[in-house]
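These notes concern the structure reproduced below.
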Amino acid sequence: MGYDFTAIESKWQKYWDEHRTFHAENDYTKPKFYALVEFPYPSGQGLHIGHPRPYTAMDIVARKRRLQGYNVLFPMGWDAFGLPTENFAIKNKIHPAIVTKNNVERFKSQLKSLGLSFDWEREINTTDPDYFKWTQWIFLRLFKAGLAYKKEMNVNWCTSCKVVLANEEVVNGVCERCGGEVVHKVKSQWMLKITDYAQKLLDDLDSVDYFEKIKTAQRNWIGRSTGAEVDFTTTAGDILTVYTTRPDTLFGATYMVISPEHPIIEKWADKLSNMDAVREYQAAAARKSDFDRTEMNKEKTGVKLEGVRAINPVNGREIPIFISDYVLMTYGTGAIMAVPAHDTRDWEFAKVFNLPIIEVVKGGEDVQKAAFTDCATGVMVNSEFLDGLSVEEAKVKIKEWLTANGKGREKVNYKLRDWVFSRQRYWGEPIPVVYCEKCGWVALPESELPLKLPDVESYMPTDTGESPLSTLESFINTTCPNCGGPAKRETDTMPQWAGSSWYFLRYCDPKNDKELASKEALDYWMPVDWYNGGMEHTTLHLLYSRFWHKFLYDEGLVPCKEPYMKRTSHGMILGKDPERPGEFTKMSKSKGNVVNPDDVVKEFGADTLRLYEMFVGDFEKAAPWQENGIKGCKRFLDRVWALQEKVVPGDEYSDKLRASMHKTIKKVSEDIETLKFNTAIATMMGLLNEIDAAGSLSRGDFRTLLILLNPFAPHITEELYQIMGYEGVLNEQKWVEYDEALCVEDSVEIAVQVNGKVKARFNAPMNCDKEELEKLALDLPEIKALTDGKTIVKKIAVPNKLVNIVVK
RNA sequence: GCGAGUAUGGCGGAACUGGCAGACGCACCAGAUUUAGGUUCUGGCGGAGAGAUCCAUGCAGGUUCAAUUCCUGUUACUCGCACCA
C-alpha cells in the first residue's frame with residue numbers, strides 16, 4: 001500500500017503557486033492575522049532538519065486561521081548579511097551577493113517542497129538595496145534623534161573573526177559564532193542608545209503575551225536595580241560617587257574599590273606614591289580577555305592607592321581606596337563602597353587584604369567567617385540612627401538622610417548597556433554617514449540612500465581591525481552634504497541584527513519605494529499576532545527589535561508600542577550522539593549526525609515530515625530525531641489514504657462516531673492554539689483507530705477528518721478531498737465546529753474503589769447523580785463482598801468518574 | 001553563585017481546576033497473509049507472582065477518602081545570567 005506522495009505533493013504545490021492561494025490581500029475590511037516565524041540565514045549548508053519545526057507549527061496556525069475566515073499574513077524572507085557568506089566568498093573568490101543568491105535559491109526550493117503556506121510575493125532579503133535603504137534610513141532617524149553616537153570605547157574583539165562583538169555576542173568569554181578568543185580593544189564605535197529605552201522595554205513586557213521564561217530572560221538582561229548613589233569626599237578633595245543597592249550598610253563600609261579604568265586615577269597620579277604598581281595592575285587588567293576574567297573568579301586581586309583616602313559621609317571615618325578588576329567601569333559609577341560583612345565579593349577581598357569587617361546587620365552567622373547577605377531577616381546594629389531597624393526600613397531612612405544632607409540620592413541602574421553597532425566587515429549595510437573636519441559626523445541626505453556596497457578586490461578583514469572598505473579610496477573620499485567640503489565615509493558596516501530589527505514591518509508593504517511601509521498597511525497588519533522563534537534570540541534579536549520598534553513608535557512611524565503580541569519558542573531537534581550510543585545531542589556537521597530534510601521528503605514525503613516534526617514531542621522542548629518515529633507517521637497517512645475505500649454515503653456524522661468526531665474537533669482545535677501539536681495528532685490517530693474498528697465512515701465523517709488534518713498534512717488531504725468529489729478545494733472551506741453537548745457518550749464506565757483501590761467497574765448513564773452512583777456501586781457483588789460486616793466510614797462519588805468507599 | 005525549568009515503561013511522550021497512571025506512536029513478542037524479505041492485518045506488551053494480589057511517576061516525608069498533580073526537604077540533569085555592587 002501507500003500513496004504516490006511525490007506526484008501529489010508537487011501537483012498541489014504547483015496548484016497553490018498558480019492560484020496564489022496563500023497571497024495575503026491588502027483587503028483592510030477583513031479580520032487580519034499576522035503569523036510570523038524568524039526568517040533564516042541562508043547558509044551554504046541548506047535547510048537544517050530543525051528549521052521545519054517552527055515553520056510547520058506556524059503554518060498549521062496560519063492554515064487554521066485561513067479556514068476560520070481570517071486574512072492571514074504569513075511571510076518569509078532572508079536574513080542574508082553575515083560572516084559565513086563573507087568567509088565563503090573570501091575563500092572561493094566569489095562575490096558574496098552571488099553566494100547569497102545561490103543559497104537563497106536552494107533554501108527557497110527546499111521550503112517550497114515542504115508545502116509551507118508562505119506568501120512568496122512578499123519575500124524580502126536584507127541584502128537587497130531596496131530593503132537596506134530603509135535599514136539605513138532608520139539608522140539616520142536614530143542618528144538625528146541622538147540615539148546613535150560614536151564613542152571611543154573598550155570593545156569585545158574576536159581574534160578569529162577579526163570583528164567587534166556586542167556584549168550579547170560574547171558567550172562564556174568567547175565568540176558566540178566561532179568560539180574564538182575575545183579580547184578587549186579600545187576602538188571608536190557606533191553605539192545605539194538602547195539604554196534610553198530600558199525602562200520601557202521592561203514595563204511593556206506586562207502588556208504582551210510572551211512565554212514567562214522569555215519575559216524573565218529579558219528582565220534579567222535589562223537588570224533593573226534600585227539603590228542609591230553616595231558621595232564620598234576624599235583627602236584629595238575630589239568627590240568619589242559610588243552606587244549601591246545596600247545603602248543601609250553604609251556604616252559597615254571599611255574601604256572603597258574603584259575600577260582599574262576609572263578616570264579619577266589619572267587625576268590623582270601625582271598624589272599617589274605607588275603609581276607604578278597602579279599602572280602595572282591597570283595594564284594587566286587590560287590584557288585580560290573576558291575568558292581570563294571569568295576564569296579567575298576565585299582569588300581577588302587589587303592594589304591599594306597610597307596617598308588618597310576616602311571619607312565615609314555618615315561617620316566621617318577615613319577609609320582606604322583600592323583598585324580591583326572585580327569592579328566594572330561599565331556599571332554604576334565604576335566605584336563601590338565595600339561592606340565586607342554583608343557582600344560576598346567584598347568579604348573575599350577583605351580577607352585577601354586583611355581589612356576590617358564590621359557587622360551592621362545582625363541575624364546571621366559570624367561575619368568573620370562568611371558574609372551575611374540576607375536582607376529579609378536582619379536587624380541593623382553598629383549604625384547609630386539606623387540601629388534596631390529592619391534592612392528595608394533602614395534603606396528608606398538612610399536614603400532620606402543622604403538626600404537631606406546632600407550626600408547622595410536615590411538611583412535606579414540597569415545592567416543593559418548601549419548596543420555596539422559597528423562591524424569591521426564588508427558584507428553588511430554601510431553606515432550612511434560621513435566625517436567632515438568642519439562639521440563632524442554628518443548624515444547622508446535621504447536622496448542618497450541606499451548607500452550601496454562598492455565592489456572591492458578583497459573582502460578580507462584587516463589585522464589592524466579596519467573594515468575592508470577602509471582601503472578603498474574611491475569609496476571613502478566624498479564631499480560633506482552639509483558644507484560641501486571634503487569628507488570621508490564611514491567604512492564600518494552594521495551588525496547582522498540591523499536588518500532583522502524591523503523586517504516584520506516591511507512584510508506589510510514590501511515593494512513600497514516611498515516609505516518603509518505605508519501607514520495603511522502598518523495600521524492594518526501590525527502588530528504581529530503570533531511570533532515564534534528560538535530561545536537563543538531572546539536577549540538579542542527580540543530585545544533589539546523591540547527597541548527599534550519603540551523608537552519608531554515614538555517617531556510616529558508605527559501604530560503600536562510593541563511589535564509582537566505573542567511570542568512562543570520551540571525546542572531544538574537533536575541527532576544521535578556518535579560518541580555516546582543511545583544519547584542525543586545537537587546536530588552538527590563535525591559530528592556527522594546531520595539529517596537533511598530533502599532526503600526525508602524524498603523517502604517519506606513532505607506531509608510525513610511535517611507530521612513527524614509535530615508529533616516528535618513537546619513543541620517547547622528539545623526532541624530527538626528518530627528514524628523509526630517517521631515510519632509511524634507515514635503509516636498513519638497511508639491508513640488515512642486507505643479510508644477512501646471505506647466511505648459510505650451520508651453527509652451527517654455516523655452514529656457510531658458522532659461523539660468521537662465532536663471530541664476530536666474540540667481537542668485538535670484547542671491543541672493547535674496551545675502548541676500541543678503532538679496530542680492533536682495523537683487524537684486524530686485515535687479517531688482513525690476507532691474508524692477502523694467501526695469498519696466504515698460516512699462522507700461527512702471523512703470530510704471533517706480531512707479538514708482537521710489539512711493544516712498538518714496539506715497535500716494528501718487536498719488530494720483526498722478532490723478524489724472524494726467534495727465541493728471546491730479544501731483550503732477554501734470552513735474550519736469545523738463542535739458541539740460540547742455532543743462530545744459526550746450516552747454512558748460512561750465508573751470505577752469503584754474501596755479504600756482508594758479500584759475493585760470493580762460498572763456502566764452508568766452519563767451525568768448520573770451521586771446518590772444513584774453510590775447505590776449502584778454498593779449493589780455490585782464484588783463490593784458487597786468487600787464491605788460486608790464492615791463499617792462504611794465515608795462514601796465519595798465523583799460523577800462520570802468513580803466512587804470511593806471507605807470502610808473500617 | 002543567582003534565576004528559570006525538567007525528572008513518568010525498553011524509547012519519544014499522554015494524563016482537565018487532585019479522581020481508574022502509561023493515551024498516541026516507536027521498538028519488541030505471538031499469530032495470519034506472502035515463495036521469501038519488506039508491507040499489511042489481528043492480538044499482547046510497566047515490574048513481581050501460578051494466583052488472589054502486591055509494587056510502581058528521581059529520592060524522603062507530609063496533607064487527603066484519593067497525589068504524576070498540592071506542601072516541605074533532597075538529589076540529578078537542562079537552559080539562561082554570571083564579580084552588575
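Predicted, not measured: the structure shown is a model, and the values here were computed from it. Letters A, B, ... are given to chains in the order of the sequence lines, protein chains preceding strands, and every chain is numbered from 1. Side-chain atoms are counted along with the backbone in the values below, which use heavy atoms only and exclude waters and symmetry mates.
- Heavy atoms from other residues, nucleotides or ligands lying under 6.0 Å from NZ of Lys795(A) number 12 at most.
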Using a cut-off of under 3.5 Å, enumerate the N/O to N/O pairs linking the protein to nucleotides 62-68 of chain B.
residue: C65(B); atom: OP1; partner: Lys794(A); partner atom: NZ; Å: 3.4
residue: C65(B); atom: O2'; partner: Asn804(A); partner atom: ND2; Å: 3.3
residue: C65(B); atom: O2; partner: Asn804(A); partner atom: ND2; Å: 2.6

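- Of the P atoms belonging to G58(B) and C26(B), the separation is 26 Å, rounded to the nearest Å.
- A salt bridge links Lys399(A) with Glu410(A): at least one charged nitrogen is closer than 4.0 Å to a carboxylate oxygen.
- Look at G9(B): its glycosidic torsion is within 90° of 0, and that puts it in the syn range.
- Of all heavy-atom pairs between Pro765(A) and Asn800(A), the closest is O-OD1, 4.4 Å.
- Comparing G5(B) with C11(B), their C1' atoms sit 23 Å apart, to the nearest whole Å.
- In this structure, Ser225(A) reaches the sugar-phosphate backbone alone: every heavy-atom distance under 4.0 Å involves primed, P, OP1 or OP2 atoms, never a base.
- Taking atom P on both C77(B) and G38(B), the two are 42 Å apart, rounded to the nearest angstrom.
- Here G19(B) is the nucleotide among C24(B), G19(B), C20(B) with the atom lying nearest to any side-chain atom of Lys801(A).
- Nearest-nucleotide positions on RNA chain B for Asn800(A) and Lys667(A) put Lys667(A) closer to the 5' end.
- Of the candidates Phe636(A), Phe712(A), Trp625(A), Phe677(A), Trp625(A) is the only one forming a ring-ring contact (aromatic ring centres under 6.0 Å, His included) with Tyr612(A).
- Nucleotides C20(B) and A66(B) are separated by 14 Å at their P atoms, to the nearest Å.
- Among Arg567(A), Arg546(A), Lys213(A), the single residue meeting the side-chain hydrogen bond (donor to acceptor under 3.5 Å, both in side chains) criterion with Gln218(A) is Arg546(A).
- Within 4.0 Å (heavy atoms only), Asn689(A) reaches sugar-phosphate atoms of the nucleic acid but no base atom.
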Reading RNA chain B 5' to 3', what string of ( ), [ ], | and . shows its pairs, if Watson-Crick and G-U wobble pairs count only when both distances fall under 3.5 Å? (((((((..(((......[....))).(((((.......))))).(((....)))..(((((..]....))))))))))))....
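- Ionic pairing of Arg246(A) and Asp343(A) is not present here: no N-O contact between side-chain nitrogen and carboxylate oxygen is shorter than 4.0 angstrom.
- Side-chain to base pairing of Lys300(A) with C83(B): one donor and one acceptor N or O lie within less than 3.5 Å of each other.
- OP1 and OP2 of C24(B) both lie 4.0 Å or more from every side-chain N or O belonging to Arg639(A).
- Between the C1' atoms of A23(B) and U68(B), the separation comes to 15 Å (whole Å).
- In this structure, CG of Asp618(A) is placed 5 Å from P of A14(B), rounded to the nearest angstrom.
- Checked against the 6.0 Å centroid criterion, the rings of Tyr255(A) and Phe349(A) qualify as a close aromatic pair.
- When the P atom is compared between U42(B) and U33(B), the two are found 15 Å apart, to the nearest whole Å.
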Could you please spell out the steps behind the salt bridge (charged side-chain N to carboxylate O under 4.0 Å, His left out) verdict for Arg219(A) and Glu212(A)? CA-CA 10 Å; Arg219(A) 288 194 187 107; Glu212(A) 206 49 46; 3.6 Å; yes
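- Taking a cutoff of 4.0 Å between a charged side-chain nitrogen and a carboxylate oxygen, Lys666(A) and Glu740(A) qualify as a salt bridge.
- Separation of the C1' atoms belonging to A82(B) and G22(B) is 41 Å when rounded to the nearest angstrom.
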